[in-house]
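I have placed the structure first, in the form of structure tokens, so that the comments after it can refer back to it.
Excluded from the calculations below are hydrogen atoms, water molecules and symmetry mates; all remaining heavy atoms, backbone and side chain alike, are included. First the proteins, then the strands, lettered A, B, ... as listed; each starts at 1.
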Amino acid sequence: MRLPLKPLKLPPSGAATLRSFSAEPHPSPPPPPPSLEGPDPSSHISQTLSLLQTTDPSSWTTNTTLHTLLSSLSPPSALKIARQLPNYQNALHFFNHLRSTSQPSDSISLAFQAVLEHAKRESPDSAGKLYELYVLSKDQNTPLSVNAATLLIKCFGQAEMLDEMIMVFDAVDEEMVNTDVLNLVVSGFLKWGRFDDALKMLDEMFETDSGYPPNSNTTGIVFSSILKRNWSGRSVTDEEICKLVSRFGAHGVYPSSIWFTQIISRFCRNRECEKAWVVVHEAMNSGLDVEVASCNALLTGLGQERDFARMNLLMKEMKEKGIKPNVVTYGIMIKHLCKFRRVDEALEVLEKMRDGELGIEPDVVIYNTLIDGLCKVGRQEEGLKLMEKMSLDSKCNPNTVTYNCLIDGFCKAGEIERGHELFEQMSKEGVEMNVITLNTLLGGMCRHGRVSTAMEFFNSMREKGLKGNAVTYTVLITAFCNANNIDKAMKLFDEMRENGCSPDAVVYYSLISGLSQAGRMDDATFIVSKMTEAGFGLDVISYNILIRGFCRKNKLDKASELLKDMEKNGVSPDRVTYNTLISFFCSNGDFTHAHKVMKKMISDGLTPTVVTYGALIQAYCSNDNIDAAMKIFRDMSSSSKVPPNTVIYNMLIDSLCKNDDVEVAISLMDDMKEKGVRPNSTTYNALFKGLQQRNWFEKALEFMDQMTEHACNPDYVTMEILTEWLSAVGETEKLRKFVQGYQISASTA
DNA sequence: CTAGGGTTAG
């Protein structure tokens, strides 16, 4: 049933309900025409009020003074009186009295609105109470004022009484519906995650000439709901967000700059830079003042996609539109120049900033980015100089990050001592160190095989009160695993939990990897169960590691169990998974299963890689089936378009030479040259062995020259073969020259 | 702006 609702004029105070949900000031309705009232409406109201409060409701019908007062009651006064009555019960009596005395329906409506307002304030379960009253009003055919409807919609929306909410909304007269009412409905749906229902309401708002077009509150409600971390509804795709922004934009409304920037960042994070680009340009072209923060978000995304062209274009557009880059903008440009090792260009930007050419002073982040960039390309000495230089720039003192970058730079270069010196300089200069400083130094020590030094250092830091975090333990656990000290790694894992440091996924991954590598599959399985208990899942790489571990132990049953587990957990096998299995079957000489897996791989939409073919070629070679190996080799480059690499050629050349097919091996060397695949020392070693069998000395000399020419360094195997062979034929002079050439090429390299 | 791991052919 649809209630007849008439639009009502509202007293100024009537806007209160709207104001509570609307950020925009509601336009004040005109004051009620004085002609309806007596000479003094406020005294009229106070007289009525005092009479209502001093007499019993049961006597109201017979009270002639009251009758006279109410006979000239205007609807706005009815609202005021009902509101000023002390409580809900009084207001309800008043409302009932107005009904029984056949007051104008406008007055009854507004009195009912006040009853609802009282009920909302007084009742602990206001939504339930309001619903009762709403049903009552429907039964009594009391028209709802727009504010009463608004109040009900808002209240039901908050109480997740969405059917009731929409029932009230449907009861509102079309001509009374306005943007604010629709905003409340949309907000109610979104609060409970009902995106699709909200979308239907938005569709109505977007319709041309809807009479209730979206406004900035609408965008605020929509985007703050769906972008919040605790969004409970179905996941909203970037596509949908993009469309929404455009549709709002067509109505000239945009999300606030904060949400706009968040949307841009989200698109960029999801590698949907194109959408971010479109949305920003739509906004710019519609004349919106896009803030520099939004542009910065887009620049970051473009940088991640290596789209330098568009980065520069955006910078140009910003300039045209008068959007001034800030220090963050230059930070992004510098960061991405550094990332692509264009450190000198990044330094030029710094110089321009220091010259005052850009009107923006460099800050500590700019310096840190550059110092890190220098360190990452092995120019840590320059980084150190830049740190000294920034100190001379007033108020730009090195901080913890500055030192961390430099310590990492020196450690990565193997200069652990310099790293340690910087660490000591830090405390001398009063720069606080943090857990990243500790982890950086520990990582440096571990990488250079100084695991026990690292452990001692960690212990001394702990004594000083600095606790390690999950990263610290990952560094140490990995180092102990690599040093084949699995027991110590396991001990550290227990220790970290005793110390109240909860392991994260990476800690588990590194331990699983270490244990699998060491062949301790039972321990690895145990850690997997611990990991699952802790609520972490395995990713495809850790599955691959485990599968490989079990294959090496010849436990195919365990490996296939893991495959089933993957499927159950929604982790799809990748090329490596299949290659691991193919290698396993190949190494067992089981070509039937190897080919079967390869078929499955292809049917899963994965193309075989050079590793797949390599496994097969390797297996056929060790089975002395060089013809089959050569057939695969030809297949891969012709039909499947997987170019063979050095490893493939090495296996074939080695096999051919061992099989005394040196001519074919040499033809493969030519093939390599033609295809631009570089031979390495393994290639030459295989070939030299074959040539030695045939005693093709001249050919060997040719390839020795080629090695020198290509700056391919001989290894100890090369030296062994050549020393034996050349001294046997009394050509040690040739060998001496060869070694000399190697030394020259090594020094120029 | 800074720190952590991990696979497949040899």
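Side-chain atoms of A:H420 do not come within 3.5 Å of backbone N or O of A:I416 as any donor-acceptor pair.
For A:T369, counting side-chain heavy atoms from C-beta on, the closest listed nucleotide (B:dT2, B:dA9, B:dC1) is B:dC1. Taking only side-chain atoms of A:N368, from C-beta outward, the nucleotide of B:dT8, B:dC1, B:dG6 with the closest atom is B:dC1. Comparing atom distances between the A:V647 side chain and each of B:dG4, B:dA9, B:dG6 picks out B:dA9 as nearest. Of all nucleotides listed (B:dT7, B:dA9, B:dG4), B:dG4 comes nearest to the side chain of A:A470.
Regarding A:Y578, its OH atom lies at a distance of 16 Å from the C1' atom of B:dT7, rounded to whole Å. If you take CZ of A:F410 and P of B:dA3, they are 16 Å apart, rounded to a whole angstrom. To the nearest angstrom, P of B:dT2 lies 13 Å from CD1 of A:I366. Following rounding to the nearest Å, A:N404 (CG) and B:dC1 (P) show an atom-to-atom distance of 14 Å.
By the 4.0 Å N-to-carboxylate-O rule, A:K631 lies too far from A:D627 to be salt-bridged with it. A salt bridge links A:D344 to A:R379: one of the charged nitrogens lies within less than 4.0 Å of a carboxylate oxygen.
In this structure, A:K335 reaches the B:dT2 phosphate: one of its side-chain N or O atoms is under 4.0 Å from OP1 or OP2. One finds no side-chain N or O of A:R575 lying less than 4.0 angstrom from the OP1 or OP2 phosphate oxygen of B:dT8.
The aromatic rings of A:Y508 and A:F493 stand perpendicular to each other, their planes meeting at an angle above 60°, with 30° marking the opposite boundary.
Within the nucleic acid shown, A:N469 comes within 4.0 Å of at least one base atom, counting heavy atoms only. Backbone-only contact: A:S510 has heavy atoms under 4.0 Å from sugar-phosphate atoms and none from a base. No engagement by A:D574 is indicated, since no non-hydrogen atom pair under 4.0 Å with the nucleic acid exists.
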